[in-house]
2 protein chains.
Amino acid sequence: MQKLSENMEDYLETIHALSREKGVARVSEIAEKMDVKSPSVNAAMKNLADRDLVIHEKYGYVTLTPQGQKLAAAVQEKHDVLYRFLTEFLMISPEQADQEACSIEHAISEETFDRFVKFFKFLENSARTQKPRLLRNLETYLKTGKKVTCECERA
Amino acid sequence: MQKLSENMEDYLETIHALSREKGVARVSEIAEKMDVKSPSVNAAMKNLADRDLVIHEKYGYVTLTPQGQKLAAAVQEKHDVLYRFLTEFLMISPEQADQEACSIEHAISEETFDRFVKFFKFLENSARTQKPRLLRNLETYLKTGKKVTCECERA
DNA sequence: AAGCATTGTTAGTCTAGGCTAACATCCGGG
DNA sequence: CCCGGATGTTAGCCTAGACTAACAATGCTT
């Protein structure tokens, strides 16, 4: 099985999101959400159906197969972690973070994502236990460019 | 001027690298480094020359215009920071880090990159001043999955 | 139950960016 | 000088993934 293209991953992700939001996914909704026209969606559904990632009955709904589910969930998970990193630690606006997570999510290997998740949890943990030191220092630094040495270091 | 595609950014980056490594960039070298055939390079050079990003004399060398330089340097900078983050903090192997930096570099906006650089410097600074606490804890965590609360917090 | 708006599908076209095969130019060695 | 191999270019083709225009199915509304 050939690796999925970024575009096809995006389709899966969108179907996944729609299914969770509205229960089902329809061609027109997918088109609208992805800002493409319905014939493009149609072609993509044919592609994904051929790979057994979706089921698309003529003039009917689109649903993910278990395989498609799994892939979509993996992409979604990357999206979510990236989004949280961008908003919580880089303080990017929600809209922009969402958009960028959407690009970056396709560029990251499983291996790297796995480590990044750990890294992220570590940061969050530090932010919690050292609160508000580490995070506040970072925030100050991001805003002012001034380095703040850790208080516990100076002590 | 239309935004550059990822592929064209890659061409610029490769020309930039070759120019620095060997002084000049030739079609065959670009092709080899990017693992494409020379007619593809040719088409890309025509594209980039039309945008005034490179100069490509017939049967001759390829050089970056000042504009091309600037763009290439920006891409390169993203690559470098990402590479360092991946190797130093996520402990990804040099080869894989290089490869992934190559994908991720195209997916990041100027805004986000800017903040990420600050974030990265902050991390490096913490790693230096708190050495070896923060980094060692992260390393332990990445390897074992065990969370380690900051020593200065427990004190 | 029929008609029409909505929705989905098909056919055909376009662009980016690959490729191969064939042709053109360049340059070093005889 | 000139010839052959290396290098560069052109022409023509392919695929992914978008689009428009035209056609088909569905289903709500009366």
Side-chain angles (χ1 to χ4, degrees), chain A residues 1-15 18-19 21-64 68 71-72 75 99 102-103 105-107, chain B residues 1-15 18-19 21-64 68 71 75 102-103 105-107:
Chain A
M1 174 83 65
Q2 179 79 1
K3 204 177 161 297
L4 269 192
S5 72
E6 294 192 7
N7 286 328
M8 291 305 125
E9 277 188 8
D10 278 336
Y11 278 107
L12 281 187
E13 198 183 356
T14 302
I15 296 163
L18 280 170
S19 302
E21 276 170 35
K22 311 199 166 185
V24 296
R26 286 205 297 265
V27 168
S28 57
E29 293 169 335
I30 299 169
E32 152 134 44
K33 203 161 226 203
M34 295 187 64
D35 201 27
V36 298
K37 304 297 181 179
S38 42
S40 308
V41 176
N42 235 272
M45 293 310 102
K46 168 134 187 46
N47 182 337
L48 294 174
D50 286 349
R51 299 166 184 263
D52 279 316
L53 297 175
V54 306
I55 294 166
H56 180 203
E57 293 188 47
K58 263 206 170 191
Y59 295 97
Y61 295 135
V62 177
T63 52
L64 293 168
L71 278 180
V75 177
Q99 225 181 286
C102 238
S103 327
E105 70 196 12
H106 303 296
Chain B
M1 174 84 65
Q2 177 82 0
K3 202 177 162 296
L4 269 193
S5 71
E6 296 192 4
N7 286 329
M8 291 306 126
E9 278 188 8
D10 278 335
Y11 278 107
L12 282 187
E13 198 183 357
T14 301
I15 296 163
L18 280 171
S19 302
E21 278 169 34
K22 312 199 166 188
V24 296
R26 286 205 297 265
V27 169
S28 56
E29 293 169 336
I30 299 169
E32 152 133 43
K33 202 163 225 198
M34 295 188 65
D35 201 27
V36 298
K37 303 298 180 179
S38 40
S40 307
V41 176
N42 235 270
M45 293 311 100
K46 168 134 187 47
N47 182 336
L48 293 175
D50 286 350
R51 298 165 184 265
D52 279 316
L53 298 175
V54 305
I55 294 167
H56 180 202
E57 295 189 46
K58 262 206 170 190
Y59 295 97
Y61 295 133
V62 177
T63 51
L64 294 168
L71 279 180
V75 177
C102 236
S103 328
E105 70 195 13
H106 305 294

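The figures that follow rest on heavy atoms only: side chains count, while hydrogens, waters and symmetry mates do not. A quick note: this is a predicted structure, and the numbers were derived from the prediction, not measured. Here is the naming used below: chain letters follow the sequence lines, and residue numbers restart at 1 for every chain.
The nearest whole Å value for the distance from the CD atom in B/E29 to the C1' atom in D/dT7 is 11 Å. Distance B/E57 CD to C/dC26 C1': 15 Å, rounded to the nearest Å.
Taking each heavy atom of B/R51 and B/Q2 in turn, the nearest pair found is NH1-O, 3.1 Å. In terms of heavy atoms, B/V24 sits closest to B/Y61 at CG2-CE2, 3.8 Å. When all heavy atoms of B/A44 and B/Y11 are compared, the pair lying nearest together is CB-CE1, 3.4 Å. In terms of heavy atoms, B/V27 sits closest to B/S38 at CG1-CB, 3.8 Å. Here the shortest heavy-atom pairing between A/A25 and A/I15 reads CB-CG2, 3.9 Å.
In the set D/dG8, C/dT7, D/dT10, the nucleotide with an atom closest to the side chain of B/V27 is D/dG8. Checked against D/dA11, C/dT10, C/dT7, the side chain of A/P39 finds its nearest nucleotide in C/dT10. Among D/dA21, C/dG8, D/dG8, the nucleotide with an atom closest to any side-chain atom of B/R26 is D/dG8.
Against DNA chain C, the stretch residues 30-38 of chain A makes heavy-atom approaches under 4.0 Å through A/S38. DNA chain D is contacted by B/N42 of residues 40-50 of chain B, taking any non-hydrogen atom closer than 4.0 Å. DNA chain D lies under 4.0 Å from no heavy atom of any residue of residues 2-15 of chain B.
Side-chain contact between A/L53 and A/L4: present, with at least one pair of heavy atoms (C-beta onward) separated by less than 4.5 Å. Taking the side chain as every heavy atom from C-beta outward, A/L48 and A/L64 never approach each other to under 4.5 Å. No side-chain heavy atom of B/V36 sits less than 4.5 Å from a side-chain heavy atom of B/I30. In this structure, the side chains of A/T14 and A/L18 come closer than 4.5 Å at one or more pairs of heavy atoms.
Residues satisfying the side-chain hydrogen bond (donor to acceptor under 3.5 Å, both in side chains) criterion with A/D10, sequence neighbours excluded, are A/H106. A/S5 is linked by a side chain to side chain contact (heavy atoms under 4.5 Å, CB included) to A/N7, A/M8, counting only residues two or more places apart in sequence or in another chain.
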N/O contacts under 3.5 Å, protein versus nucleotides 23-26 of chain D?
none

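Contact between the side-chain N/O atoms of B/H56 and the OP1/OP2 oxygens of D/dG8 is not found at any separation under 4.0 Å.
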Test log, rule side chain to side chain contact (heavy atoms under 4.5 Å, CB included), inputs A/K46 and A/N42: CA-CA 6 Å; A/K46 168 134 187 46; A/N42 235 272; over 6 Å; no
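Within a 6.0 Å radius of CD in A/E29, more than 12 heavy atoms belonging to other residues, nucleotides or ligands are found.
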